[in-house]
Amino acid sequence: MNNRPPSVLGLALQLAGPATAGALAERLWPETVAALSERLRVPESAVETLTAWEEQGLWRAATDDVGEFLLRAAATGDPEIARVLYVERHRRVPEFLSAILAAADPTDPRWYAAGGLVPAVLENPGGLELEPALHGPFPELVEHAVLHLGRDLPLPVVLDACLHLARLAGAPAIGNLAKSIEATADELAHPGLAELLRSAAAAPDPGAFLQERRPAGEWTDPAHAHALLRVRMEERDVEQPAGLGWELILREHDRRPFGGKRVPSENRHANPLVRLVGWEGCPDELIGECLPDSSWAVLRAGARMPFEEVARMWTGKGPDGRIVRHGVLTGHLDRVLGELTPARDVLDALPYDHEPTREAVAALVAPLGADPVNWLTFYARMGRTDGTAPELIADAASAGSPKKRTTTWPRPLEAVFPVTAPGDSRAVFLNVLQCAPEAAQIAVVPHLDARAVQHFLVYGDPAPAVREALVATHGVPALASYASSRKLPDATLEYLLDLDEPAVDANLFAHCHIDQRERERMLAGRLRGGGTRSEVPGELLDALDEVNLGHYRHWLIAGLESGDLGVARKIVGRLRFAMPAARLRLLTAVWERGGPDAVREILAMDRLPVTLRRQTEKLLDAPDGLERLRDRLAAEEDPAKLLGHPPSRLVGDGVPLPWAALVEAQRTGRLPDHLPAALAELADCPREMRLAALRSTPPAHPRGFYDRGNWVWRTLASGALTPEDLLAHAAPAQSALHHLVEAVTKAPATDRLALRAQVTALTDAHLGGNAEAWAVCLQLLPTFAGTLTELISTAGAVARV
């Protein structure tokens, strides 16, 4: 039992059901305590305390969400549970303290004992976790919370806590609190609070006195005070509470500034005010107080800021696109375009996925019209101007300008393969041109250089009419450069493949992620539109020279059965085959397509084994030579012969795996134990072989079931295997359980429920409510060689004997 992970027992407690779980826990008490201690993250000595209060507590502790279970335990009002969770395990979060205090009986002396809740809270120097104490049943804690949180809370909230204290402990407690507040430097930033409390303590009814002086209707929603306290504590991601008016926030800021210009400069690095500026409707005066010391925090919060501040940040920081995008998206689009400089940097930073921006840019470049000279001049001058975008456009569109006009693309560049993203002026020109009307785009298209054409096609997503104009003007080279991106949309890929254009196919082959069947089709010379080329084009053959064999050997293997002489020469020239069947397959295909003379050319390359060359040469002039070559290929591909080779060698040489023979060998026990797992990784592996592999596959890496090297996860994700298969076929049982637990943890909710129902039905059928049967199951688990289904069945049978 010692080598069984505690989580296994926890899983058993979940599946056994509440009644059986209790009996099983008694049967395996030390192991149960260890398992629940690990799950709840409490000392073993505390497990019984945390589970004894609730009926079926052991089962609940093993099955319920840990946080919810512990929160329910905290809400029992048991001082010992509070001590364990809050004091010893430091579960010092507001939710836990709130639950504890809501159920606590302050007359129980255990709350005050050394190591109890009250002394522990009194040691807390302050923080968000003290907030529930403001309204708890312990006067000491209410006073403590007021003294530590009162400076950060509005006066009405502080008075509510004082009113609560008066009801708990009367005038003496209010008087003591007044003395403590008076001893502070600033009366908790509430001038006159100490005097008010002294007057309340002297009044006949302190509670009524405080109630009369509490501002009516202010800070009555606890969520508002909680959000404000979180802001004061500089918590991140504080959501704006519904219904909290800015007038109250502004008054709090006047009472005790959140930050900004009202605090000393040395303290401005701690600026809770920036949490508020991102809230909807934040007044400009609060935003202005953050500027300029916290301009970047304001920008990150997405708050509005005056255009002058946007301009100051842009001028001071330089071309940081976040500044322009923020200015545009917060209402300063026209001024950003019209006033910020230099034009190229501003245009480069615009959010072109923002429709109003695209419309504004279209209006901006309208003076360029459909005159290519205007557009070329715009491109040529954008990197040499310090003015605004409208000034740049006006200058480029002015035919009467004394500056030289640009009539051809400056510094033209060829396309690159694979394509690289545009930068600098090219990127700006592409983005701006896409905002122009189609007529302007079509007019400019003939004047683009090859690199710009490539960028426009790959990154510009041109409209069909513009794409047709690009292709009509720049021809096949444009299409070839289009086929140079590793990630093309499916529709684009289909469009390019359907062209059956050699230069396009060559680039698709070399640079795109296309299906292996498409590579086989190209290297066989088969056209998508029907028919077959007499020979594979030279552009595609050249692409074979550049294939990285370390990663993409299978790209050349795609041409093994092509029969094309050019393809065969490239393959033989670059690859060394380990399998005779691969060489014979290539020679047979060449003979079938090109005749014996084509085979002679391959043999003359002197790249094949001497014996094979001599044997093949003898067949070339024989009437039945091709048939005899086919017979030799069939002999080499005989399943019995292939079974003696590692599957990786067969796959690497493009030799089809003899799946039927492999499955039969596995059935009869002639397949080595390690092979099923190796074969299971292959995409076309039969289901029967994968099920066999489950009996010899170790569990996933401890870092996670989603480890890429784990074929079990990949087949589960693809649907080739199901979690139910793990239950019925994976072995040994210990490994199967690890696989199953990970699968259940990561699977979609509906799959988890279905699998849980199946496992529950299985355990009910064989183990039922028999705690002894469950114990036997757990005892057998570490060494049981069979499946989980077999283990459960065996354990039930053993327990019944």
Side-chain angles (χ1 to χ4, degrees), residues 231 234-240 258-261 268-365 382-383 385-393 420-435 455 459-460:
V231 169
E234 298 186 65
E235 293 272 318
R236 294 184 178 275
D237 303 321
V238 183
E239 293 187 6
Q240 182 175 7
F258 292 97
K261 297 175 182 178
R268 289 179 189 170
H269 66 281
N271 193 352
L273 188 57
V274 299
R275 271 72 175 172
L276 295 175
V277 298
W279 288 5
E280 184 178 355
C282 181
D284 290 342
E285 60 188 276
L286 289 185
I287 297 173
E289 288 199 34
C290 284
L291 307 172
D293 292 332
S294 301
S295 299
W296 285 98
V298 174
L299 184 144
R300 285 192 294 271
R304 301 182 324 277
M305 61 173 66
F307 174 75
E308 290 71 21
E309 182 62 22
V310 173
R312 185 194 66 79
M313 292 179 68
W314 175 259
T315 304
K317 180 69 177 179
D320 189 313
R322 291 174 294 176
I323 302 170
V324 163
R325 286 191 289 274
H326 179 81
V328 166
L329 298 176
T330 54
H332 302 304
L333 173 57
D334 291 340
R335 296 194 67 180
V336 164
L337 285 174
E339 299 181 34
L340 295 189
T341 61
R344 187 181 72 174
D345 293 337
V346 174
L347 292 171
D348 190 33
L350 292 175
Y352 287 95
D353 56 348
H354 180 236
E355 188 58 33
T357 297
R358 295 179 61 85
E359 293 174 358
V361 173
L364 176 72
V365 299
M382 74 167 65
T385 180
D386 295 327
T388 65
E391 291 170 347
L392 171 62
I393 297 298
T420 57
D424 300 324
S425 295
R426 285 182 177 272
V428 175
F429 185 81
L430 174 63
N431 285 325
V432 171
L433 183 59
Q434 288 181 91
C435 297
H455 286 155
Y459 298 104

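The analysis underlying the following values was restricted to heavy atoms, covering all of them including side chains, and did not include hydrogens, waters or symmetry mates.
We find that Arg304 and Glu309 are not joined by a salt bridge, their nearest charged nitrogen and carboxylate oxygen being 4.0 Å or further apart.
Residues that satisfy the side-chain contact (heavy atoms from CB on, under 4.5 Å) test with Ala311, not counting sequence neighbours, are Phe307, Leu340. Qualifying side-chain contact (heavy atoms from CB on, under 4.5 Å) partners for Ala427, counting only residues two or more places apart in sequence or in other chains: Asp348, Pro422.
At a threshold of 4.5 Å between non-hydrogen side-chain atoms, the residues Pro351 and Leu329 count as touching. Considering only heavy atoms from C-beta on, Val365 comes within 4.5 Å of Ile393 through its side chain. Annotation: side chain of Leu364 is not in contact with side chain of Cys435 (no heavy-atom distance under 4.5 Å).
Between Phe258 and Pro272, the closest heavy-atom pair is O-CD, 2.7 Å. Residues Ala301 and Val274 approach most closely at CB-O, 4.1 Å, considering heavy atoms. The nearest pair of heavy atoms linking Ile323 to Met313 is CD1-O, 3.6 Å. Heavy atoms only, all atoms of each residue included: Thr385 and Leu392 are closest at CG2-CD1, 3.9 Å. Closest approach of Met305 and Val310 over heavy atoms only: CG-CG2, 3.6 Å. Minimum interatomic distance between Val238 and Trp279 (heavy atoms only, all atoms of both residues): O-NE1, 3.1 Å.
Here Glu308 contributes atom CD and Thr315 contributes atom OG1; the two are 11.5 Å apart, rounded to the nearest 0.5 Å. Here NE2 of His455 is found 8.0 Å from CG of Leu430. Values are rounded to the nearest 0.5 Å. Atom-to-atom distance recorded for Glu239:CD and Asp237:CG is 8.5 Å, nearest 0.5 angstrom. Atom CG of Asp320 is separated from atom CH2 of Trp296 by 4.0 Å, given to the nearest 0.5 angstrom. Within the model, atoms CG of Leu273 and SG of Cys282 stand 7.0 Å from one another, a figure rounded to the nearest 0.5 Å. Between the CD atom in Gln240 and the CZ atom in Arg275 there is a gap of 15.5 Å [rounded to 0.5 Å].
With respect to Leu347, the side-chain contact (heavy atoms from CB on, under 4.5 Å) criterion is satisfied by exactly one of Asn431, Leu337, Val324: Leu337.
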Worked verdict on Trp314 versus Val346 for side-chain contact (heavy atoms from CB on, under 4.5 Å): CA-CA 9 Å; Trp314 175 259; Val346 174; 3.9 Å; yes
Could you pull out every donor-acceptor pair under 3.5 Å between side chains of residues 354-361 and any protein atom, sequence neighbours left out?
{"residue": "His354", "atom": "ND1", "partner": "Thr357", "partner atom": "OG1", "Å": "2.7"}
{"residue": "Arg358", "atom": "NH2", "partner": "Gln434", "partner atom": "O", "Å": "3.3"}

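Checked by atom type and distance alone, the side chain of His326 pairs as donor or acceptor with a backbone atom of Ala303 at under 3.5 Å.
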